[in-house]
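The structure appears right after this line, and notes come after that.
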Protein chains: 2
Amino acid sequence: MTDKDKKIASPARPSVAEMVENIVGCKWSLRVLALVRAGVSRPGAMEHAVDGLTAKVLNERLKKLTRYGILDKTVYPESPPRVEYRLTAFGQQFSALLDQIERLEKVLQQ
Amino acid sequence: MTDKDKKIASPARPSVAEMVENIVGCKWSLRVLALVRAGVSRPGAMEHAVDGLTAKVLNERLKKLTRYGILDKTVYPESPPRVEYRLTAFGQQFSALLDQIERLEKVLQQ
DNA sequence: CAGTATCCAGACCGATACTG
DNA sequence: CAGTATCGGTCTGGATACTG
């Protein structure tokens with residue numbers, strides 16, 4: 001975990017602009033968000049799906065996204081352990097940013 | 001200028017996702033973008049408007065936003081020199097991200 | 001499988017001083 | 001006023017090794 005992360009441990013309700021800066025500014029965040037949105041819910045699957053993404057960084061991102069109320073974490077007490085991440089209601093709205101980015105992508109391709 | 005900046009000097013058309021990561025990841029970028037959008041076009045005015053923003057960092061942001069085709073720079077050959085930055089057509093669409101952020105802000109406040 | 005601890009090269013950005 | 005050069009502390013994130 002980074003120091004930046006620690007600073008928002010007990011946030012005075014960070015603004016969305018701060019969230020966006022802090023989340024999007026971190027490498028892999030958008031990728032991870034897109035994966036969860038696409039139904040890839042398990043960390044192992046995410047790590048496998050994204051070339052170059054390591055477990056350490058992935059966990060940092062998942063933690064941050066969870067702390068911001070964008071993702072929801074579920075732990076199933078099995079062996080081997082199974083964990084799933086899902087978008088929260090707010091996370092679904094937040095991830096609409098991905099749609100707008102995609103829209104801009106098309107603008108650029110013309 | 002940072003090394004990250006140099007890498008996109010001759011871009012193979014960076015994706016919007018990369019642009020977003022690279023721009024939003026840089027502190028002050030959203031603030032600067034919002035200022036230009038609000039009609040604050042001169043660097044001096046921007047520096048004066050944002051507490052904590054220094055000329056060096058401001059120029060790095062303006063350069064990057066210009067290189068990405070989001071801003072347009074105009075130099076008036078006067079003395080003292082006058083410079084103005086404006087949103088390009090693409091920049092206007094890009095800065096719609098700010099609207100969505102503002103929308104999310106309201107979602108969060110409920 | 002999920003998650004953490006440690007290390008460290010390199011990037012970021014704030015301060016300062018400077019040019020045209 | 002606009003912009004650059006340089007320095008230096010801090011943070012980032014990739015590699016590796018490890019626990020439960």
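Letters go in sequence order (proteins before strands), and every chain restarts at 1.
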Q: Convert the base pairs of DNA chain D into dot-bracket notation, remembering that pairs crossing earlier ones are written with [ ] and that bases paired across to another strand are shown as |; include only Watson-Crick or G-U pairs under 3.5 Å.
A: ||||||||||||||||||||
Q. Would you say the side chain of B:V32 lies within less than 4.5 Å of the side chain of B:L53, judging by non-hydrogen atoms?
A. yes
Distance-only donor-acceptor pairs under 3.5 Å for side chains of residues 102-110 of chain A, two or more places apart:
| unit_1 | atom_1 | unit_2 | atom_2 | d |
| --- | --- | --- | --- | --- |
| A:E105 | OE1 | B:V16 | N | 3.2 |
| A:E105 | OE2 | B:V16 | N | 2.8 |

(Q) Between B:E60 and B:K56, does any NZ, NE, NH1 or NH2 come within less than 4.0 Å of an OD or OE carboxylate oxygen? (A) yes
List, one per line, each side-chain donor-acceptor pair under 3.5 Å for residues 79-86 of chain A, sequence neighbours excluded.
| unit_1 | atom_1 | unit_2 | atom_2 | d |
| --- | --- | --- | --- | --- |
| A:R82 | NE | A:E78 | OE1 | 3.3 |
| A:R82 | NH1 | A:E84 | OE2 | 3.0 |
| A:R82 | NH2 | A:E78 | OE2 | 3.0 |
| A:E84 | OE1 | A:R86 | NH2 | 2.7 |

Q. Are B:V75 and B:L87 linked, directly or through other ILVMFWY residues, by side chains that come within less than 4.5 angstrom of each other?
A. yes
Q.
For residues 26-45 of chain A, which residue pairs pass the salt bridge (charged side-chain N to carboxylate O under 4.0 Å, His left out) check, not counting sequence neighbours?
A. A:R37-A:D99
Q | Whole-Å distance separating the CD atom of B:E60 from the C1' atom of C:dA15 | A | 13 Å
**Q.** Nearest-Å distance for atom pair CD/P, residues A:E47 and D:dG14
**A.** 12 Å
Q: Return the value, rounded to whole Å, for the distance between atom CG of B:L53 and atom C1' of D:dC1.
A: 15 Å
Q) Once you round it to whole Å, what is the distance between C1' of C:dC1 and NE2 of A:H48? A) 14 Å
Check nucleotides 3-8 of chain C against the protein and report each pair of N or O atoms closer than 3.5 Å, with its distance, or say if there are none.
| unit_1 | atom_1 | unit_2 | atom_2 | d |
| --- | --- | --- | --- | --- |
| C:dG3 | OP1 | A:K73 | NZ | 2.6 |
| C:dG3 | OP1 | A:Y85 | OH | 3.4 |
| C:dG3 | OP2 | A:N59 | OD1 | 3.4 |
| C:dG3 | OP2 | A:Y85 | OH | 3.4 |
| C:dT4 | OP1 | A:K63 | NZ | 3.2 |

Q: Could you tell me whether a side-chain N or O of A:T66 sits under 3.5 Å from a main-chain N or O of A:D72, the two making a donor and an acceptor?
A: no
Q: First locate atom CG of A:L35, then atom CZ of A:R61, and finally report the distance between them rounded to the nearest 0.5 Å.
A: 14.0 Å
**Q.** Rounded distance in Å - CD1 (B:I23) to C1' (C:dC12)
**A.** 16 Å
(Q) Run the side-chain hydrogen bond (donor to acceptor under 3.5 Å, both in side chains) test against A:E18 and tell me which residues pass, sequence neighbours left out. (A) A:S15
Q) Please give, in whole Å, the distance from C:dA11 C1' to B:N22 CG? A) 12 Å
Q: Starting from P on C:dC12, measure out to CD on A:E21 and report it in whole angstrom.
A: 14 Å
Q) Would you call B:V36 and B:M46 a side-chain contact if the rule is heavy atoms closer than 4.5 Å? A) yes
Q) Is there a side-chain contact between A:L30 and A:I101, using heavy atoms and a 4.5 Å cut-off? A) yes
Q.
Tell me which residues in residues 27-42 of chain A lie within less than 4.0 Å of DNA chain D, going by non-hydrogen atoms.
A. A:K27, A:W28
